[in-house]
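Remarks on the structure that follows.
Here is how names work: the chains are called A, B, and so on, in the same order as the sequence lines, proteins then strands, and each is numbered from 1. Atom set for the values below is all heavy atoms of this structure, side chains included, hydrogens, waters and symmetry mates excluded. Just so you know, these numbers come straight off a predicted model, no measurement behind them.
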2 protein chains.
Amino acid sequence: MSDLKELLEVKKCPRQYVLAVNDTLNVISGKWKMPIIASLLYGIHRFKDLQENIGKITPRMLSKELKELELNGVVERKVFNTTPVRIEYHLTESGKKILAVMDSMIEWGLEHRERVVEVG
Amino acid sequence: MSDLKELLEVKKCPRQYVLAVNDTLNVISGKWKMPIIASLLYGIHRFKDLQENIGKITPRMLSKELKELELNGVVERKVFNTTPVRIEYHLTESGKKILAVMDSMIEWGLEHRERVVEVG
DNA sequence: AATATAACTATACAAAAGTATACCAATACT
DNA sequence: AGTATTGGTATACTTTTGTATAGTTATATT
């Protein structure tokens with residue numbers, strides 16, 4: 001295959017795919033996104049509980065990340081009119097489906113570790 | 001389910017899964033990893049060609065990222081004893097399989113965009 | 001009136017990631 | 001000797017991401 005053909009082939013890589021990958025990366029990149037999403041998946045929904053479960057995250061980061069996830073349509077914030085006020089964070093339908101991406105990442109990561117150990 | 005049970009359930013989330021996800025994130029996170037891996041997948045292997053294909057990347061970043069990918073066992077660097085010297089970067093077996101992760105990211109990203117457009 | 005609790009916010013800072021611009025080394029060609 | 005080519009490095013920045021530490025608001029409890 002000629003260099004030109006290859007170049008054209010690359011240019012054909014659909015823009016919507018690039019956008020889709022970037023959207024996904026935005027949602028899962030960073031130190032705390034995965035721990036937060038995983039905790040929500042496991043049924044932890046309140047600020048203090050998330051903070052305790054994740055361990056070393058500061059309230060500033062937890063707040064910031066939850067806001068970003070909410071803005072990205074991955075998390076929904078629910079306010080309950082009790083005293084003291086109770087607030088719960090839940091994954092949206094999209095949010096729950098990130099599990100599929102996590103699964104593919106786990107699969108790749110495990111296989112890769114085995115291969116690296118074999119090779120040296 | 002009690003809070004305690006939930007907590008224990010979370011603690012059961014296997015450490016090797018956490019490591020696997022982190023390994024994968026390390027390989028795909030950042031502004032340039034995906035463009036580089038995609039270019040390699042599409043058959044572009046030389047430094048200058050990668051630089052041209054990716055567009056706005058500086059040689060410093062391309063060099064740095066390729067080194068990191070090599071260190072992580074995702075890319076292999078081959079030196080050809082020609083004049084002038086020819087160097088090629090190729091994905092390892094592990095590297096090629098990142099396509100599966102990319103696919104799941106594309107799928108999630110596309111679905112998520114549709115859902116966000118629907119909801120508003 | 002003092003203390004406790006949930007759910008944060010504010011300010012200042014440090015570290016990591018990325019950019020801009022210029023330069024280098026080896027070899028071959030003219 | 002001067003120029004071109006490939007495959008990078010070096011230095012100095014700017015931006016983004018994450019940390020540390022303290023404070024706030026609203027209500028209820030003692």
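Atom CZ of Phe47(A) and atom C1' of dC8(C) are 6 Å apart (whole Å). Spacing between atom CE of Met61(B) and atom P of dA22(C) amounts to 20 Å, rounded to whole angstrom units. Atoms CD (Glu70(B)) and C1' (dG8(D)) sit 14 Å apart, rounded to a whole Å. Whole-Å rounding puts the Gln51(A) CD to dT19(D) P distance at 13 Å. Rounded to an integer number of Å, the gap from CG of Leu66(A) to C1' of dC8(C) is 11 Å. As a whole-Å value, the separation of Asp49(B) CG from dT5(D) P is 14 Å. The distance from atom CZ of Arg77(B) to atom P of dT6(D) is 16 Å, rounded to the nearest whole Å. Look at CZ on Arg86(A): it is 18 Å from P on dT27(D), rounded to the nearest Å.
Residue Ser63(B) places at least one side-chain N or O under 4.0 Å from the OP1 or OP2 atom of dT9(D). A close approach under 4.0 Å does not occur between any side-chain nitrogen or oxygen of Thr58(B) and OP1 or OP2 of dA20(C). Listed pair Lys31(B) / dT19(C) meets the phosphate criterion, a side-chain N or O lying under 4.0 Å from OP1 or OP2.
Base contact: Lys48(B) has a heavy atom under 4.0 Å from a base atom. Lys67(A) comes within contact range of the sugar-phosphate backbone alone, with a heavy-atom separation under 4.0 Å but no base atom that close. Heavy atoms of Tyr89(A) sit under 4.0 angstrom from primed sugar atoms or phosphate atoms, though from no base atom.
With dG7(D), dT19(D), dA7(C) as the candidates, the nucleotide lying closest to the side chain of Trp32(A) is dT19(D). Listed nucleotides: dT9(C), dG7(D), dT27(C). Nearest to the side chain of Thr83(B): dT27(C). The side chain of Glu65(B) lies closest to dG18(C), out of dG18(C), dA28(D), dT9(D).
Cluster membership check: Leu110(A) does not share its hydrophobic cluster with Leu19(B), using side-chain heavy-atom separations under 4.5 Å among Ile, Leu, Val, Met, Phe, Trp and Tyr. The cluster map of Ile, Leu, Val, Met, Phe, Trp and Tyr, joined by side-chain heavy atoms under 4.5 Å apart, puts Val79(A) and Leu91(A) in the same cluster.
You'll find a donor-acceptor pair under 3.5 Å spanning the side chain of Arg60(A) and the base of dT11(C), going by distance alone.
With the nearest nucleotide of DNA chain D identified for both Pro59(A) and Ser29(A), Ser29(A) has the one nearer the 5' end.
Salt-bridge formation is not detected for the pair Glu70(B)/Lys67(B): no Lys NZ or Arg NE/NH1/NH2 atom is positioned less than 4.0 Å from an Asp or Glu carboxylate oxygen.
Using modelled atom types and a 3.5 Å distance limit, the side chains of His90(A) and Glu88(A) yield a donor-acceptor pair.
More than 12 heavy atoms of other residues, nucleotides or ligands shown are found within 6.0 angstrom of CD on Gln51(B).
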